[in-house]
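Excluded from the calculations below are hydrogen atoms, water molecules and symmetry mates; all remaining heavy atoms, backbone and side chain alike, are included. Each chain gets a letter, A, B and so on, in the order the sequences are listed, and its residues count up from 1.
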Protein chains: 2
Amino acid sequence: MKECYRVYAMYLKALSDETRLKIFDMLSNGELCACDILEEFNITQPTLSYHMKILSESGLVDSRRDGVWMKYSINRKSLEALKQLFDNIGLNMDNTSSHLYKGMDFC
Amino acid sequence: MKECYRVYAMYLKALSDETRLKIFDMLSNGELCACDILEEFNITQPTLSYHMKILSESGLVDSRRDGVWMKYSINRKSLEALKQLFDNIGLNMDNTSSHLYKGMDFC
DNA sequence: CGACCATATAGAGAGATGTCAATGTGTATG
DNA sequence: CATACACATTGACATCTCTCTATATGGTCG
């Protein structure tokens, strides 16, 4: 666990919006273009673009151009990091080991 | 996976603040009173109370009175639900199975 | 090149969020 | 009861967030 709380908080903030959480889940089934995602929601295209920017800049989602389309996909490393965050919190509960927050003063 | 995105988004919003994420991690080592938590942060007592209310009302954290003190602890069920959320997203990626968002129209 | 399509950006506005100082509430204790 | 302690609530404020309309950008195709 080398990361700081700040990065995890950023991930969680990116997913704390219901629309973005749904998008993240949709992407778990594979790459999608913005137009595909837009069809699932009652939001305007600029609003979707705003959400995709937040997901991309957080590092949770990767993006690439494919001609006219922007293709989005989940960044596996960040998903793994999120899993580990909650797994480690669970471990603390079972083992009564040291807190994550100790030894993180450099953050 | 019977829960709705709205509940998960609420959990994640509660943890999307760096202070609250640290508190949640601190609680993974066992029950703490507000005064113990307050010592770890440079915030006022009302601000901590505000954060604890958000964590409690989200269902992530349980609270009980012990004389003058309020004791806080992690709600294990909600932690398990969070773990499953990300585990299932990971499964989708591997199995190319159905999306979580399908069949959730009742939400 | 010109028209068109998909997406991004800018600007504005309503509402949510995080923080504090001041004050209220509830519990123990002399 | 009076005091003190731990915590909650209120009200105010600055900032952030989400959404839209309008407009810009960038790639494709006739």
What is the distance, to the nearest angstrom, from the [atom1] atom on [X] to the [atom2] atom on [N]?
X: A:Leu32; N: C:dT7; atom1: CG; atom2: C1'; result: 16 Å
X: B:Lys71; N: D:dA6; atom1: NZ; atom2: C1'; result: 12 Å
X: A:Met52; N: D:dC18; atom1: CE; atom2: C1'; result: 16 Å
X: B:Leu55; N: C:dT17; atom1: CG; atom2: C1'; result: 14 Å
X: A:Glu39; N: C:dT7; atom1: CD; atom2: C1'; result: 15 Å
X: B:Asp36; N: D:dA6; atom1: CG; atom2: C1'; result: 12 Å
X: B:Leu15; N: C:dT17; atom1: CG; atom2: P; result: 14 Å
X: B:Glu18; N: D:dC16; atom1: CD; atom2: C1'; result: 16 Å

Please tell me whether A:Phe41 and A:Leu27 are part of a single hydrophobic cluster in this structure, the criterion being side-chain heavy atoms less than 4.5 Å apart. yes
I would like to know whether B:Lys83 and B:Glu80 meet salt bridge (Lys or Arg N to Asp or Glu O under 4.0 Å); could you show each step before the answer?
CA-CA 5 Å; B:Lys83 283 188 191 182; B:Glu80 281 308 311; 3.7 Å; yes
Phosphate contact ([N] OP1 or OP2) by [X] side-chain N/O below 4.0 Å:
X: A:Lys53; N: C:dT7; result: no
X: A:Thr44; N: D:dC20; result: yes
X: A:Ser49; N: C:dA8; result: yes
X: B:Thr47; N: C:dG18; result: no
X: B:His51; N: C:dT19; result: yes
X: B:Arg65; N: D:dC7; result: no

To the side chain of [X], which of [options] is closest?
X: A:Pro46; options: C:dA6, C:dA8, D:dC18; answer: C:dA8
X: B:Asp17; options: C:dG18, D:dA22, D:dC7; answer: C:dG18
X: A:Val68; options: D:dC7, C:dC5, C:dT7; answer: C:dC5
X: A:Met70; options: D:dA22, C:dT17, C:dT7; answer: C:dT7
X: A:Arg20; options: C:dT19, D:dC18, C:dA6; answer: D:dC18

5'-most contact on DNA chain D (nearest-nucleotide basis), A:Ile43 vs B:Leu48, goes to B:Leu48
Result for 5'-nearest mapping on DNA chain D, choosing between A:Lys13 and A:Gln45, is A:Lys13
From the list B:Leu15, B:Leu12, B:Leu85, side-chain contact (heavy atoms from CB on, under 4.5 Å) partner of A:Leu15 resolves to B:Leu12
Answer with base, sugar-phosphate or nothing: what part of the nucleic acid does B:Tyr72 contact at a heavy-atom distance below 4.0 Å?
sugar-phosphate
ask   = A:Ile37 near the nucleic acid: base, sugar-phosphate alone, or nothing, with a heavy-atom cut-off under 4.0 Å?
value = nothing
Minimal heavy-atom distance between A:Met10 and A:Ser58, with the atoms involved, is CE-O, 3.3 Å
In short, A:Ile43 meets A:Leu38 closest at the heavy-atom pair O-CD1, 3.5 Å
Discussion item. Would you say CG of B:Asp66 has more than 12 non-hydrogen atoms from neighbouring residues, nucleotides or ligands within 6.0 angstrom?
Written reply: yes
